[in-house]
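One structure is given here, and the rest of the page talks about it.
A, B, ... follow the sequence lines: proteins, then strands. Residue 1 opens every chain.
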Number of protein chains: 2
Amino acid sequence: MNTHNIINFLREKGLKVTSQRLAICSFILSRKDHPTAEQIFQELRDEYPTISLGTIYKTLHLLKDLRLIQELGFNNGSIRYDPDMELHVNMICSKCGKIYDYKTKNVKNLWDAILSELNVKPVGQRIDVYYECDDCKNINST
Amino acid sequence: MNTHNIINFLREKGLKVTSQRLAICSFILSRKDHPTAEQIFQELRDEYPTISLGTIYKTLHLLKDLRLIQELGFNNGSIRYDPDMELHVNMICSKCGKIYDYKTKNVKNLWDAILSELNVKPVGQRIDVYYECDDCKNINST
DNA sequence: TTACTATTTGATAATGGTTATTAATGAATC
DNA sequence: GATTCATTAATAACCATTATCAAATAGTAA
């Protein structure tokens, strides 16, 4: 979703397009590494020195309610935000915590087979796989 | 794991067997609904009126380090504790939040197919499916 | 452009779950 | 039973998130 689309989307919902809101939306909707609210805050401070953490949270909740992003709670209590609303596997390095999304047709097919086995109508899902990423493997082997 | 097994397990690890520790271990290892620390605290208070939340947390962390339970962070920031360390699907009601574990040979087979597609050596996983449970369905339809 | 209104923002305080601290307690060993 | 050291309970500290509210601002209409 580019800036133009975001502006139109907000306007359609009757929401005001402020520079802060636009910046936060653009930021999270383009990121693939599931940042925390704090990380978003730190990265936007350079360009928007007066931006507030409260605004970050409010905008993230807004995007969640509008179904443009999802929250992911992790085991240390931290909450990360993921703009990919389609079925995918969160590949999480158990050492450094880095995350990337894995999404293929084949995974979708296999997942559908699991869902049909469950015999319920799902309204959502979350799939995490922990592994050791290449960077961490290399550090350990040197 | 019954009381006798827990006592032996703790002793083997060189840990002291206190009544609080035993109660907390017995409680969480037999529960299937992934309670929070606070829920464990409230339920044990009847039998152990002086038990402290700090002790609950310390014992849960102990069990986690010993790989007898796993932590599950959720999207509202809450952390629940799950004594099932084998592969299973967390079936979560999107309305009331109740959880039950779904575990069959077929799900295991399908999941293994997904893992082989991913081309990594996994060290763990988490699979959540959100749906509307029967209780909540009935409430809505009346 | 200006004025008006309702939304949004930023600063701050409040909240609540988790962790740290520490003196007192109690399990294990002899 | 005495000794020792891990464990407990109570309390305070911590920190991420939420709530509050006056000031700022986007959108709209005059």
Side-chain angles (χ1 to χ4, degrees), chain A residues 3 6-28 34-66 69 71-81 97, chain B residues 3 6-28 34-66 69 71-81 97:
Chain A
T3 305
I6 296 170
I7 291 174
N8 283 343
F9 187 85
L10 292 173
R11 291 237 166 91
E12 277 168 26
K13 300 289 178 184
L15 296 163
K16 292 189 174 173
V17 179
T18 67
S19 60
Q20 297 92 328
R21 192 169 265 174
L22 197 53
I24 297 166
C25 292
S26 298
F27 185 90
I28 187 58
H34 312 37
T36 64
E38 180 66 28
Q39 287 172 331
I40 299 170
F41 178 57
Q42 293 304 337
E43 297 217 33
L44 288 179
R45 272 188 127 169
D46 293 337
E47 201 175 349
Y48 301 86
T50 67
I51 207 166
S52 158
L53 243 183
T55 302
I56 308 282
Y57 278 109
K58 263 174 286 187
T59 306
L60 289 171
H61 292 162
L62 190 70
L63 289 174
K64 182 193 163 197
D65 293 341
L66 295 171
I69 63 173
E71 283 181 336
L72 296 178
F74 285 89
N75 302 346
N76 57 0
S78 72
I79 298 179
R80 291 162 168 269
Y81 294 87
Chain B
T3 306
I6 295 171
I7 291 173
N8 283 342
F9 187 86
L10 292 173
R11 289 236 168 90
E12 276 169 25
K13 299 289 177 184
L15 296 163
K16 292 187 176 173
V17 179
T18 67
S19 61
Q20 298 93 328
R21 192 169 267 175
L22 198 53
I24 297 165
C25 291
S26 298
F27 185 90
I28 187 58
H34 311 40
T36 63
E38 180 65 28
Q39 286 172 332
I40 298 170
F41 179 57
Q42 292 303 336
E43 297 216 34
L44 289 178
R45 273 189 126 168
D46 293 336
E47 201 175 346
Y48 302 86
T50 68
I51 207 165
S52 157
L53 243 184
T55 303
I56 308 282
Y57 277 110
K58 260 176 286 186
T59 306
L60 289 171
H61 292 163
L62 190 68
L63 290 173
K64 181 192 164 199
D65 293 341
L66 296 171
I69 63 173
E71 284 181 334
L72 295 179
F74 285 89
N75 301 347
N76 57 2
S78 73
I79 298 178
R80 289 161 169 273
Y81 294 87

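Less than 4.0 Å separates DNA chain D from at least one heavy atom of each of the following residues of residues 37-51 of chain B: B/Thr50, B/Ile51.
Residue A/Arg21 contributes atom CZ, which lies 14 Å from atom C1' of C/dG10 at whole-angstrom precision. Atom CD1 in A/Ile7 sits about 14 Å away from atom C1' in D/dG27, given to the nearest Å. To the nearest angstrom, P of C/dG17 lies 15 Å from CD1 of B/Ile56. Rounded to whole Å, the distance from CD1 on B/Ile79 to P on D/dA16 is 13 Å. Rounded to whole Å, the distance from NZ on A/Lys13 to P on C/dT8 is 14 Å.
Residues satisfying the side chain to side chain contact (heavy atoms under 4.5 Å, CB included) test with B/Asn76, not counting sequence neighbours, are B/Phe74, B/Ser78. Take B/Gln42 and apply the side-chain hydrogen bond (donor to acceptor under 3.5 Å, both in side chains) test, not counting sequence neighbours, and it matches B/Glu38. Partners of B/Ile79 according to the side chain to side chain contact (heavy atoms under 4.5 Å, CB included) rule, which considers only residues two or more places apart in sequence or in another chain, are B/Glu71, B/Tyr81. The salt bridge (Lys or Arg N to Asp or Glu O under 4.0 Å) search around B/Lys16 returns none, not counting sequence neighbours. With sequence neighbours excluded, the residues forming a salt bridge (Lys or Arg N to Asp or Glu O under 4.0 Å) with A/Glu43 are A/Arg31, listed by chain and number. Among residues two or more places apart in sequence or in another chain, the side chain to side chain contact (heavy atoms under 4.5 Å, CB included) test is passed with B/Leu62 by B/Leu15, B/Arg21, B/Leu66.
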Under 3.5 Å, N/O pairs linking protein and nucleotides 26-30 of chain C:
from	atom 1	to	atom 2	distance (Å)
C/dG26	N2	B/Lys16	NZ	3.3
C/dA27	N3	B/Lys16	NZ	3.3
C/dA28	OP1	B/Arg11	NE	3.4
C/dA28	OP1	B/Arg11	NH2	3.3
C/dA28	OP1	B/Val17	N	3.4

Table of protein N/O atoms under 3.5 Å from nucleotides 18-24 of chain D N/O atoms:
from	atom 1	to	atom 2	distance (Å)
D/dT18	OP2	A/His61	NE2	3.1

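Smallest separation of non-hydrogen atoms from A/Gly73 and B/Asn75: N-OD1, 3.1 Å.
Atom CD1 in B/Ile6 sits 6.0 Å away from atom CG in B/Leu22 (nearest 0.5 Å). Here A/Leu60 contributes atom CG and A/Ile24 contributes atom CD1; the two are 7.0 Å apart, rounded to the nearest 0.5 Å. Between the CG atom in A/Leu63 and the NZ atom in A/Lys58 there is a gap of 14.0 Å [rounded to 0.5 Å].
When the side-chain nitrogen and oxygen atoms of B/Ser52 are compared with OP1 and OP2 of D/dA10, none of them lie within a distance under 4.0 Å.
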Side-chain donor-acceptor distances from residues 48-56 of chain A under 3.5 Å, at least two apart:
from	atom 1	to	atom 2	distance (Å)
A/Ser52	OG	A/Gly54	N	3.1

